[in-house]
Protein chains: 2
Amino acid sequence: MRLAIDSPTTVAETARELVASATTTDPDQHLEQLCVNVIRGLAMDAVQKANSGHPGMPLGIADAACVLWDRFLKHHPADPNWPNRDRFVLSAGHASMLLYSLLHLTGYDLSLDDIKQFRQLQSRTPGHPEYGLTPGVETTTGPLGQGISNAVGMAMAEQVLAARFNQPGYPVVDHMTYAIVSDGDLMEGISYEVASLAGHLQLGKLIVLYDSNHISIDGSTDLTFTENIEQRFAACGWHVIKVNGHNRQEVAWAIEQARQVNNRPSMIVCDTIIGYGSPNRQGTAKSHGEPLGGDEVLLTKEALGLPTDKPFFVPDEVYTHMRRAHAERAGQQQSWESMMLRYREVYPDLAELWDTMQSGQLPDDWSAVLPTWDTDAKAIATRAASGTAINALAKVLPGLLGGSADMNQSNQTLVKGEEAIQAERFDGRNLYYGVREHAMGGIMNGIALHGGLLPYGGTFLVFSDYMRPAIRMAALMSLQVVYVFTHDSIGVGEDGPTHQPIEHVPALRVIPNLFVMRPADATETVQAWRVALERRNGPTALILTRQGLPVLNRNGTAYGRFGPLASAEGVLRGGYVLYSAPEPQAVLIATGSEVALALQAALLLEADGMAVRVVSMPCCELFDQQDQDYRDAVLLPSVTARVAVEAAASFGWQRYVGSQGRIVGIDTFGVSAPGAEVFRYYGLTAERVAATVKDVVHAGG
Amino acid sequence: MRLAIDSPTTVAETARELVASATTTDPDQHLEQLCVNVIRGLAMDAVQKANSGHPGMPLGIADAACVLWDRFLKHHPADPNWPNRDRFVLSAGHASMLLYSLLHLTGYDLSLDDIKQFRQLQSRTPGHPEYGLTPGVETTTGPLGQGISNAVGMAMAEQVLAARFNQPGYPVVDHMTYAIVSDGDLMEGISYEVASLAGHLQLGKLIVLYDSNHISIDGSTDLTFTENIEQRFAACGWHVIKVNGHNRQEVAWAIEQARQVNNRPSMIVCDTIIGYGSPNRQGTAKSHGEPLGGDEVLLTKEALGLPTDKPFFVPDEVYTHMRRAHAERAGQQQSWESMMLRYREVYPDLAELWDTMQSGQLPDDWSAVLPTWDTDAKAIATRAASGTAINALAKVLPGLLGGSADMNQSNQTLVKGEEAIQAERFDGRNLYYGVREHAMGGIMNGIALHGGLLPYGGTFLVFSDYMRPAIRMAALMSLQVVYVFTHDSIGVGEDGPTHQPIEHVPALRVIPNLFVMRPADATETVQAWRVALERRNGPTALILTRQGLPVLNRNGTAYGRFGPLASAEGVLRGGYVLYSAPEPQAVLIATGSEVALALQAALLLEADGMAVRVVSMPCCELFDQQDQDYRDAVLLPSVTARVAVEAAASFGWQRYVGSQGRIVGIDTFGVSAPGAEVFRYYGLTAERVAATVKDVVHAGG
């Protein structure tokens, strides 16, 4: 058989010839055709009933999807969390009814009644697939390009875990990752980023089926998308095959070929007709994103040979076939479980490690390794403290796995003494994402979704914008992912406004379910890592300085007139009283590098006879979760003279400083100059903070 | 000469053979070499003096850059704004010293003293090039991938304007767009997006030089970036040549070839050595982003034949050569000006149009075309009102040019009766960006930077995240760009949480210099467009509904007990009193679809005998710019019972409602269900708003 990576078209022709010359002797072909059409019928009916949704793609890609699920996918509908199952990602989430149909027909806990509730309030069949809501849905998709990036992350996780656990005769981790993508997925920049990295890493167990239907929402892809997809993926080191997506034998042949290519990810370009079967809408953008209409549904059912008087039609033989096929493969889980019993005996240590990593639980004594600093330590950047923490944590948290988008040194994200993860060398601990922040975000989500690993990833805070859509997905899916965002303010200095975050901290705070932590010194940084690691149900963004910060003296000796600074364990409550006069006239609230500034201002004010309190507020989201008593004890409702200090846009601080308060922040873009000068230029000085506090107190705040 | 697109390596070999076989007879070669080394010297010295910056790339790409500027670039340093100049984009903005050196040597208003102030406060030589700050800098670069997207936008603008203005014998608009990019630029997803679109549009006058030095910050690109660049760009329909970036004859040959290819953009892969000339650092990541060190600078100068005792060395013959070459080409501007005098006589109407579009001024009577609606009109989605406005405006604003990231119908961004802009058909008005939001953002910036056109572009609000880095650049550069963000809330309905914006409106509000406008009805939408068009110094994001909204009755008839609703011209002040009882007990503040909700709540409260005021606040940024008297007159400082209503994260509203106020918003992700149900699910109802107002009033707010 001829397989020429550089000329996928030739391959497709080969495939077609092969199929054409083959005698279709499979007695299941008629039944499989019925299964495909039943999937189409369910998709049409559900969209029609909801009067909302996307029928075109389920109709078009049902053949290929059915082949994949029916003949290849290794999974167990009764145990959707079996660790060694194949992963399936519907990157084009708008085709959700395709997935729901497959889940229902193959026996997942998703009933026909669920499907009839498509897109209704609190149903398990929302408009786009949602992870955690519907059994068998491996990731939430809809925003294009995210799914394929998740799939790449899953395939990477598979390789990393296989390198750690597999032993001769014991393929503990050995599964495929499949994805179905649309032209929209492949137009998004993130898809190119992850394709380039997947090719570099030679992810041979990743197989992507591209539903090439030549139609996007605006019309024909000829309007805007005429690149040579096969050549593009070949350029990224992929194995590429092109097939007729409605010829199931061809699709099966292509998947079989792809499974045999172990040193490259595979792209199967499936030429399809969007809205297949719909006499008046197939092949048109009109079939993409709106119901076909009752009449057209009937015409389509007629064309497909489905009964027109039975909505949500599923004959028994379809259930029998789809579930029998899977019952057969469910046996694979049983074999795997048996193997694991033997593995536990032969490799008890590895088996224990497996259990630990699968559980995602932290070992009992994990926090004992957290680094501490002498209070007379010289200034330490919080990014450096984070790097020290990562290196300590890596020793006790085998699942911790991270890297950076080409700034491993700057972000201090490397685990020293560990290797870079590369093709055929997945036993390292350090990931090199390249200058691909968005890919990193999506891949981290995939790693977290896969299970067994806890991903972290770094870039400059200002470039968090590049990965924002993936951050949102992590928050939406409640994934435990840790972002190491360094160079967190104008403190970046000379690189100037393009590299100085202004709006990024508040812009991240506004994402639901994301913790944004901006620690004040090395000690708080370690506590911030602690919060991030103990938080199982959502992502955490660590906001860290480029520049050195003093390690605050928390050893019990007095800081100013009124006593010592509080323990950094206050970080665990989001915000805490770092230092306070007994009856403060004013409350200073600060985060990160501005906490030291606030303390200096407090000393200046003390010298002028004023009594003030300094609150360190590394994590607003966590603070807001504390009970009212605690929050009042920190912020003192009776003290309305409050000043917040943060080298960032002031937006949002009003909720803590109130109507009489003031905010010392920066509401314009930055400037290029040495960092210390930039701080002075924007008035982020102890003197100005102190003056602002006086103003507020004198104004009767 | 052989030029095989599918085998660029062969092309490179051809080029090399060609050059090797050629006799270098050019007497200027020695002088050009000196110019190149002087550029290198300036870059090293400036970085060393600042003790901060990126020497590696200026050293590496100086040969190719000097060839481009010295032999090809058509520009006039004395008139940096000459409309028909070639555009040059340094996409890899960290190589800023390369650009500053070229600007200085060729005679732009940038002195050696300016260069000695590299990276210092308020200098004209900031860490990364900044548009508007330094003459000759065509765009602000630094965030990777942005520059190449701007270049694509400039090349598109050139073609659009050429199609409008050029006449036989009158090439009014006829210039090249050049860009220098780094591996970092090409790893970013946006670069693939724009490359795909540039290839589709066959932008033959775009030439990109890729500084292929095999080094990124983390080390060798072998760590992560091993795709076949030549094949990738060929896949996108580009003309690709690979050359030795240190062989200036080869580079010149390649540029000459590229200039002759008119139906494809060109990618010239320049193999270079990063930190060229530095004995101990060349070819290493160490040379990328930090000063070489004083000793190494001296060693490098020795190696390059530069005097070691003269920092910032520029011999007279270098000035003479670099400026003479350009003086010669400046004659091109004079020829063009002469041609334009004749053009004005032969094509007076076109010349007048040219002046209008170049000025960017709105015609006197432009606002007369703005659509109005009867107050008894049926519900109209604000996206539909925006579409109507666009179609009216397109008639009187010839420079208005827009499209969508594959949702022209949904975003209502099409100008009816106008053609799609396609390859060789640039006389249309409608752009099809494909599912490439980030590309759209960067390209719009390039179009705005080019001049002569006013770009707008649409996508769903939730996908504004995908283009956020480009939005930031528009705001940073104060570009007039209009974003048409539709489907602006949970009102999206069935598509569910992946498609329902929650955090996006506040996340956009926090970007400095961006106007975020969320109009309440069709009439306000038109006024929002008016603000966006009259705003010359920054971008505006229009936040528009999917669902229909009532057209508020502003015709003078009473709305409730207290009188008619105010004119929508209040939008021009950002926020205004829409409806008010004479002495209100409470102030309701709302935006967009929630304004009607607030009005309904006001009626409910009136019925209960309460006096309330409803403020429509479509643009907080504009409102904040009004004087204190106006703001107080709207918000009434004495009334502390305030409630803000917005179907979005509540973050940030505290600054208007104050300590006693309340916010009716949504601080979790959305759900999939029909839109009206989702509004009820989240308590965004008139009843709940009214109840909240009562609570606040009763609490003594």
Side-chain angles (χ1 to χ4, degrees), chain A residues 52 119-121 126-128 142-144 184 187-190 192-193 196 200 216-218 223-228 231-232 235-236 406-408 432 434-436 438 465-466 468-469 476 494-498 502-503 506-507 510-512 649 651-652 654-655 658-659 667-669 672-673 677, chain B residues 52 119-121 126-128 142-144 184 187-190 192-193 196 200 216-218 223-228 231-232 235-236 406-408 432 434-436 438 465-466 468-469 476 494-499 502-503 506-507 510-512 649 651-652 654-655 658-659 668-669 672-673 677:
Chain A
S52 168
R119 295 187 158 231
Q120 303 309 304
L121 194 62
H128 293 79
L144 292 168
M187 280 192 258
E188 290 286 3
I190 186 175
Y192 298 82
E193 293 182 8
S196 181
H200 173 77
S216 69
I217 296 178
D218 267 351
L223 269 169
T224 186
F225 190 51
T226 49
E227 66 182 42
N228 184 327
Q231 193 179 4
R232 159 186 158 187
C236 289
D406 195 45
M407 294 198 274
N408 268 311
Y432 288 80
V435 190
R436 304 182 184 106
H438 203 175
D465 277 353
Y466 277 74
R468 195 171 166 89
L476 180 55
E494 292 92 341
D495 273 343
T498 54
I502 296 291
E503 71 275 26
V510 80
I511 298 177
F651 197 87
Q654 289 88 353
R655 75 186 187 285
S659 307
D667 288 312
T668 60
F669 290 109
S672 169
E677 284 185 48
Chain B
S52 169
R119 293 186 159 232
Q120 303 310 303
L121 193 62
H128 293 79
L144 292 167
M187 280 191 257
E188 291 287 2
I190 185 175
Y192 298 81
E193 292 182 8
S196 182
H200 173 78
S216 68
I217 295 178
D218 268 350
L223 269 170
T224 185
F225 189 52
T226 50
E227 66 182 42
N228 184 328
Q231 194 178 5
R232 158 187 159 186
C236 289
D406 196 44
M407 294 198 274
N408 268 312
Y432 288 81
V435 190
R436 305 181 182 106
H438 202 175
D465 277 353
Y466 276 73
R468 195 170 166 90
L476 180 55
E494 291 92 340
D495 274 343
T498 54
H499 285 57
I502 295 292
E503 71 274 28
V510 81
I511 298 178
F651 198 88
Q654 290 88 350
R655 75 186 188 286
S659 307
T668 61
F669 290 109
S672 168
E677 283 184 49

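Just so it is clear, the structure is predicted and the values come from calculations on it, not from any experiment. Proteins come first, then strands; the chains are lettered A, B, ... in the order of their sequence lines, and each starts at number 1.
Formation of a donor-acceptor pair under 3.5 Å by the B:Ser659 side chain with backbone atoms of A:Ser659 is found in this model. Without hydrogens or angle criteria, A:Glu193 side chain to B:Gly189 main chain gives a donor-acceptor distance under 3.5 Å.
Taking the six-membered ring where the residue is Trp, A:Tyr466 and B:His438 present perpendicular rings, their angle passing 60° and hence far from 30°.
Between A:Tyr192 and B:Ile190, every side-chain heavy-atom pair lies at or beyond the 4.5 Å cut-off. At least one side-chain heavy atom of B:Pro512 sits less than 4.5 Å from a side-chain heavy atom of A:Glu503.
Nearest heavy atoms, B:Ile511 versus A:Phe669: CG2-CZ, 4.3 Å. Nearest heavy-atom pair, A:Leu223 versus B:His200, reported as atom, atom and distance to 0.1 Å: O-NE2, 2.8 Å. A:Ser672 approaches B:Gly127 most closely through the heavy-atom pair OG-N, 2.9 Å. Between B:Asp406 and A:Asp218, the shortest heavy-atom contact is OD1-N, 3.0 Å. In plain terms, the two heavy atoms of B:Phe225 and A:Ser196 that are nearest each other are CD1-OG, 4.1 Å. Annotation for A:His128 and B:Asp495: closest pair ND1-O, 2.8 Å, computed over non-hydrogen atoms.
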Intermediate values then yes/no, side chain to side chain donor-acceptor pair (under 3.5 Å), A:Thr224 and B:Arg436: CA-CA 10 Å; A:Thr224 186; B:Arg436 305 181 182 106; 2.8 Å; yes

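B:Ser52 touches chain A through its side chain: at least one heavy atom from C-beta onward sits under 4.5 Å away, while N, CA, C and O do not. If you measure heavy-atom distances from A:Asn408 to chain B, the contacts under 4.5 Å come from both the backbone and the side chain.
In terms of heavy-atom pairs under 4.5 angstrom with chain A, the leader among B:Pro126, B:Gly658, B:Ala649 is B:Pro126. Your options are B:Thr226, B:Thr668, B:Leu144, B:Asp465, and the one with the most heavy-atom pairs under 4.5 Å with chain A is B:Asp465. Comparing A:Ser216, A:Gly142, A:Gly496 by how many heavy-atom pairs each has under 4.5 Å with chain B, the most go to A:Ser216. No other option in A:Glu677, A:Met407, A:Arg119 has as many heavy-atom pairs under 4.5 Å with chain B as A:Arg119. Ranked by heavy-atom pairs shorter than 4.5 Å toward chain B, the options A:Gly434, A:Ala507, A:Pro469 are led by A:Pro469. Counting heavy-atom pairs closer than 4.5 Å to chain A, the top residue among B:Glu188, B:Gln120, B:Arg655, B:Glu227 is B:Glu188.
Expressed to the nearest 0.5 Å, how far CZ of A:Arg232 lies from SG of B:Cys236 amounts to 7.5 Å.
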